[in-house]
Number of protein chains: 2
Amino acid sequence: MDVARLAGVSQKTVSRVFNDEPYVSADVRRRVLDAAEELGYRRNNAARALASGRTRSIGVVTLGTALYGPASLIMGVERAARDTGYALRVVNTMEGDPAGVAGAVESLLDQGVDGIVISEPIDEGHEGDLSARVDMPVLVLGAPPILAPRALAAGTGADLMARTATEHLLELGHATVHHLAGPQRWYAARDRVEGWRAALTAHGRTVPPVVEGDWSAASGYAAGRELARDGEVTAVFAGNDDMAIGLIRALAEAGRRVPEDVSVVGFDDIPLAPYVTPPLTTMRQPFDAVAQEGLKRLVHAIENPQALPMPASDPPVDLVIRSSTAPPSTRMTPGRGRSAASRSSGGRHSPPRNGGSSHHG
Amino acid sequence: MDVARLAGVSQKTVSRVFNDEPYVSADVRRRVLDAAEELGYRRNNAARALASGRTRSIGVVTLGTALYGPASLIMGVERAARDTGYALRVVNTMEGDPAGVAGAVESLLDQGVDGIVISEPIDEGHEGDLSARVDMPVLVLGAPPILAPRALAAGTGADLMARTATEHLLELGHATVHHLAGPQRWYAARDRVEGWRAALTAHGRTVPPVVEGDWSAASGYAAGRELARDGEVTAVFAGNDDMAIGLIRALAEAGRRVPEDVSVVGFDDIPLAPYVTPPLTTMRQPFDAVAQEGLKRLVHAIENPQALPMPASDPPVDLVIRSSTAPPSTRMTPGRGRSAASRSSGGRHSPPRNGGSSHHG
DNA sequence: CTGAAAGCGCTAACAG
DNA sequence: CTGTTAGCGCTTTCAG
C-alpha cells in the first residue's frame with residue numbers, strides 16, 4: 001500500500017486510521033490522512049468485503065412500478081439508508097415476473113449483502129422457497145414477516161387505518177360502506193379489506209361484496225361505473241387515492257355527486273389529493289417514518305446478530321378530512337353524524353389547504 | 001475451493017465453468033455444476049471484483065423525490081438494468097443537500113462501480129468539481145452531458161416537446177401562451193422554457209414572463225391564483241401535470257373555466273391525467289424508452305472503453321390531446337384553429353380513455 | 001482442453 | 001500505540 005509507505009507507517013495503521021479505530025496518535029493520523037489525500041487514495045470496497053466478510057450494503061427488492069405508495073416507500077428507504085452508512089443494492093421484480101421475489105432475493109444473495117429489504121411484496125404462492133436459504137436479516141415492508149428465520153416487518157397496520165377510514169364514513173351516518181380494494185395478491189390490499197370488514201362487523205352492518213381494482217385510476221373508473229348503478233351505495237372506501245379519483249370521475253359522469261350523493265375516502269394522501277375535484281378525504285400513510293424505523297431495526301439486527309430484534313412501534317393513524325365525504329342524503333347538515341375529528345373550517349369548496357384537518361388515532 | 005475438490009478439478013476450471021468460458025469439456029462442466037449444486041456454492045462477488053478490478057455494477061444517483069417523472073425514470077433504469085447483467089447501487093441526494101450530486105458520485109466511487117447514471121440532476125453550480133476525478137462512463141438523464149470526460153446524455157429533447165405543446169395552443173388560435181415553469185435549477189425545467197420561448201418567437205408572438213413553480217400542485221395552485229387575475233391569459237403550458245392540476249383548480253375557483261376560458265397543457269402524462277377534471281391534454285414522456293436506451297449506451301461505453309459512444313436516437317414527441325385545451329373564447333368551434341392532430345372523437349365530457357388521441361411529431 | 005502459482009487490497013489475530 | 005503474518009475467494013498469467 002503506497003499510502004503506508006508515503007506516511008512511513010504500516011498498512012495496518014492506515015487501516016486503523018480509515019476505520020476510526022482508537023489507538024492511533026494524532027500525529028500519525030495526520031500523516032496518514034495527508035498521504036492519502038496526496039495520492040488520491042480511496043479504499044477498495046471489494047477488498048474490504050472480501051477480507052471482512054461484510055459488504056456493508058443492504059439489498060432492496062422493489063416492485064417495478066411508479067405507483068405513489070411503493071415509490072414513496074423506496075425513496076424513504078434510500079433516504080434512511082444515507083444515515084446508516086450502508087450502501088443500497090436495488091433489484092426489481094415485476095408483477096408476473098416468473099422469478100418473482102425469490103429470484104430477486106437470489107440475485108441479491110449473489111451480489112452479497114448484509115441484509116435485505118423487501119418492499120410491498122405480493123403473494124406469489126412460493127415465498128416459502130426461500131425461507132431456508134436466507135439466514136440474514138430481512139425487513140418486509142407492508143406485509144407480514146413471512147420468509148426467513150430472521151425476518152422483521154414494518155409498515156403494517158393498514159388494517160387499523162382501513163378501519164378508521166370505514167368508521168369515519170359510518171359515523172357520518174352511512175348505513176354501510178362499500179370497498180374498492182387493490183389486487184388481492186398484495187398483502188397491503190388484503191390488510192385494508194380486513195380492517196374495513198372488521199369495522200363493519202363491529203358496528204353490526206352488512207358487509208357488501210368487495211370490488212377489486214388494480215390500484216389504477218382506470219380500474220377505479222371501471223368500478224365506479226358499476227357502483228353508480230346501485231342506488232344503495234352511499235359511501236365507498238377505496239384502497240388508494242388513484243382508484244378513488246377514477247371512481248369519483250365515473251360517479252360524476254353517472255350523475256352521482258360526491259360527496260352529496262356518495263362519499264369517498266381514499267388511501268395514501270398523494271400530493272394531488274387536495275387539488276382534485278372534490279378535494280379528497282384520505283388516510284395518510286407515513287411512508288418516511290415507516291422506512292426509517294424499519295431500516296433502523298434492520299441495521300440493528302445486522303449488527304447485533306444475537307440480540308433480540310428491536311420492537312416495532314405502531315405507526316400513527318392519520319385521517320385527513322377534505323371534501324369528498326359528507327353525511328348521506330342530499331343536504332349537508334353541519335353538526336350531525338360527525339366524527340370526533342373536526343372538519344376543516346372553511347366551506348367545502350374553499351381553497352384546498354395542503355393538509356386538511358386530521359385525526360390522529 | 002471445495003467445489004473444485006468435490007469435482008476433482010482445479011479451481012481455475014471451476015472459474016471457467018462459471019464464466020461460460022470455452023475449452024471445458026461437457027463432462028467436466030457437468031461434474032463441476034453438480035458439485036456446486038450439492039454444496040450450495042455461490043460465487044463471491046467481492047473476490048471477483050477484487051481480482052478482476054470490475055464490479056459489474058452501475059451506480060445510480062437519484063433525487064430523493066417521489067415525483068412522477070424522476071420516479072418513473074428510476075424505475076425504468078431498474079427495469080433496464082435487469083437485462084444488462086449489471087447490479088445497481090443507488091445513492092440519493094436531495095435538493096438542498098450540501099454535498100449534492102458531487103457527494104453522491106463520490107460515494108459511488110467509494111463503493112466501486114463501473115459506470116454511473118445521474119437522473120435529472122439540478123444545477124448546483126459546482127458540477128465541474130467532479131469532472132477531473134471521474135474517468136468512468138457517466139450517463140446523465142434529462143440534462144446536458146456536463147461532467148466527466150466520458151459523459152453521455154439521454155432523455156433530452158424536452159425543448160422540442162415543449163415547443164410542440166406550445167404550438168398546439170397557438171394552432172388552436174390563442175394569441176400567446178403563458179408558461180408555468182418548474183424550478184429553474186432543474187435542467188429539465190429550463191429546456192421546457194426554451195422550447196416554449198422558441199415556439200412563441202418563431203410565430204412572432206409576445207413572450208410573457210415565466211411563472212415559476214416547484215413542480216407541486218400547491219405551487220400550480222398559487223400560480224393559478226395570480227394568472228386568473230390577468231384577463232389576457234387564455235392558454236397556459238405547465239411544466240408538469242401536477243402543477244397543471246393545481247393551476248386548473250385555482251382557475252376554476254376564480255371562475256375561469258377550463259378549457260372554455262383558459263386552455264391548459266401539462267407535461268408527463270401521469271396515470272391520473274385522463275381522470276382529473278377536465279381530462280388533461282399533456283405531453284407524454286417516454287421514460288422507459290429513455291432509460292432503456294440510455295443504459296444500453298452506458299453499458300456499451302463501459303465494455304468498449306476505446307470505441308466511439310453509441311449515438312443517441314431522438315425520443316418520440318407525443319402530444320396527448322384530451323379536454324383541457326380548446327380554441328379561445330367561450331364557445332367550442334369545431335374545425336377552426338385546430339392542429340393537424342385529430343381530437344378524440346367523443347365529446348369533451350365523454351368517459352376518459354386511457355390514451356386520448358395522440359400526435360406523433 | 002486443463003492446472004499451478006501469484007496476487008488483487010484489505011482486515012483479523014496476535015505480537016511487540 | 002504500532003507492526004507482522006496470514007489469509008478472504010477469485011482471476012490472471014503462464015505452463016502444460
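Because the structure is predicted, anything quoted here is derived from the model rather than measured. In what follows, chains are A, B, ... by sequence order, proteins preceding strands, each numbered from 1.
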Visitor: Output all residues satisfying salt bridge (Lys or Arg N to Asp or Glu O under 4.0 Å) with R190(A), sequence neighbours left out; order by chain, then residue number.
Guide: D123(A)
Visitor: With sugar-phosphate meaning primed atoms plus P, OP1 and OP2, does N45(A) contact a base, only sugar-phosphate, or nothing at under 4.0 Å between heavy atoms?
Guide: nothing
Visitor: Give the rounded distance in Å between these two atoms: CG of L39(B) and C1' of dG9(D).
Guide: 14 Å
Visitor: Give the rounded distance in Å between these two atoms: CZ of R42(B) and P of dC10(D).
Guide: 12 Å
Visitor: My understanding is that only residues two or more places apart in sequence, or in another chain, count here; which of them pass salt bridge (Lys or Arg N to Asp or Glu O under 4.0 Å) with R30(B)?
Guide: D34(B)
Visitor: Kindly write out the residues that satisfy side chain to side chain contact (heavy atoms under 4.5 Å, CB included) with D27(A), not counting sequence neighbours, or none if the list is empty.
Guide: S25(A), R31(A)
Visitor: Would you kindly give the CZ-to-C1' distance between R43(B) and dT11(D), to the nearest whole Å?
Guide: 11 Å
Visitor: Between atom CG in N44(A) and atom P in dC10(D), what is the gap in whole Å?
Guide: 16 Å
Visitor: I need the CG-C1' distance between N19(A) and dC10(C), as an integer number of Å.
Guide: 9 Å
Visitor: With distance as the sole test, does R43(B) use its side chain to make a donor-acceptor pair with the main-chain N or O of F18(B) at under 3.5 Å?
Guide: yes
Visitor: What side-chain donor-acceptor pairs closer than 3.5 Å can you find for residues 286-298 of chain B, not counting sequence neighbours?
Guide:
residue	atom	partner	partner atom	Å
D288(B)	OD1	R79(B)	NH2	3.0
D288(B)	OD2	R79(B)	NE	3.3
D288(B)	OD2	R79(B)	NH2	3.4
E293(B)	OE1	S313(B)	N	3.4
E293(B)	OE2	S313(B)	N	3.2
E293(B)	OE2	S313(B)	OG	2.3
R297(B)	NH1	M310(B)	O	3.1
R297(B)	NH2	A153(B)	O	2.2

Visitor: Who passes salt bridge (Lys or Arg N to Asp or Glu O under 4.0 Å) against D97(A), sequence neighbours left out?
Guide: R82(B)
Visitor: Polar pairs (N or O, both sides) under 3.5 Å between protein and nucleotides 1-4 of chain C?
Guide:
residue	atom	partner	partner atom	Å
dT2(C)	OP1	S25(B)	OG	3.0
dT2(C)	OP2	S25(B)	N	2.8
dG3(C)	OP2	S10(B)	N	3.1
dG3(C)	OP2	S10(B)	OG	3.4
dG3(C)	OP2	T13(B)	OG1	2.6
dG3(C)	N7	R16(B)	NH2	2.8

